[in-house]
Q: 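Questions regarding the structure given below will be posed in turn.
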Amino acid sequence: MLVTGPGAADALHAFVKHPRVHEVLVLGGNKASVNIGLEGLQVDVRALPRETYGSALQYFTGSKEHSIVLRQRATQAGPHAE
């Protein structure tokens, strides 16, 4: 999950205190990872600035292969490509 806004970092602390969280794996300034529910599903939350939401959404929800291809295309196009 991605969270933005002035309370984004505080949301991480609230998230790890959820009653279904069984284990906190990581809790830092901009990331929290937990095992949640009886299944022990790992859930990650990132707190980030609003202006980076779009690129972060693509990065964290796209496949590794897709991200590599996008990076290659962006590098080939250069900084002023349209």
Side-chain angles (χ1 to χ4, degrees):
M1 292 185 277
L2 301 175
V3 294
T4 64
D10 294 334
L12 299 177
H13 294 281
F15 171 67
V16 300
K17 292 179 184 174
H18 189 279
R20 295 198 59 205
V21 169
H22 292 282
E23 180 181 11
V24 177
L25 304 171
V26 175
L27 177 58
N30 64 355
K31 178 182 178 180
S33 294
V34 302
N35 287 335
I36 195 166
L38 297 175
E39 305 81 15
L41 179 68
Q42 183 174 334
V43 179
D44 301 327
V45 179
R46 296 283 182 137
L48 47 99
R50 177 172 284 167
E51 58 272 8
T52 64
Y53 179 78
S55 58
L57 182 63
Q58 188 285 319
Y59 178 79
F60 289 113
T61 61
S63 69
K64 178 180 178 180
E65 294 79 14
H66 183 69
S67 292
I68 290 170
V69 170
L70 285 179
R71 238 178 279 126
Q72 289 171 341
R73 287 185 181 180
T75 301
Q76 291 169 354
H80 302 292
E82 293 182 27

Q: To check you understand the geometry: which heavy-atom pair defines the closest contact between Q58 and L70, and what is its length?
A: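 That closest heavy-atom pairing would be NE2-CD1, 3.3 Å.
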Q: Please report the interatomic distance CZ(F60) to CG(L48), rounded to the nearest 0.5 Å.
A: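 It is 7.5 Å, given to the nearest 0.5 Å.
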Q: Check step by step if side chain to side chain contact (heavy atoms under 4.5 Å, CB included) holds for L12 and K31.
A: CA-CA 7 Å; L12 299 177; K31 178 182 178 180; 5.6 Å; no
Q: Does R46 reach the side chain of V3, with side-chain heavy atoms less than 4.5 Å apart?
A: no
Q: Please lay out, stage by stage, how M1 and F15 fare under the test side chain to side chain contact (heavy atoms under 4.5 Å, CB included).
A: CA-CA 11 Å; M1 292 185 277; F15 171 67; 3.8 Å; yes
Q: State, with a plain yes or no, whether a side-chain heavy atom of E65 is found less than 4.5 Å away from one of V69.
A: no
Q: Same cluster or not: are L41 and L27 linked, directly or through other Ile, Leu, Val, Met, Phe, Trp or Tyr residues, by side-chain heavy atoms under 4.5 angstrom apart?
A: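 Cluster IDs for L41 and L27 match.
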Q: Between atom CG of L57 and atom OG1 of T4, what is the distance when rounded to the nearest 0.5 Å?
A: 11.0 Å
Q: For S33 versus D44, what's the shortest heavy-atom pair and its separation?
A: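 Between these two residues, the closest heavy atoms are OG-OD1, 2.6 Å.
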Q: Nearest heavy-atom pair of A47 and A9: which atoms, and what distance?
A: CB-N, 4.0 Å
Q: Distance-only check: which donor-acceptor pairs under 3.5 Å involve side-chain atoms of residues 16-25, not counting sequence neighbours?
A:
unit_1	atom_1	unit_2	atom_2	d
H18	ND1	R20	N	3.0
H22	NE2	G37	O	3.1
E23	OE1	N35	ND2	3.1

Q: Does the side chain to side chain contact (heavy atoms under 4.5 Å, CB included) test come out yes or no for H66 and Y59, once each step is laid out?
A: CA-CA 9 Å; H66 183 69; Y59 178 79; over 6 Å; no
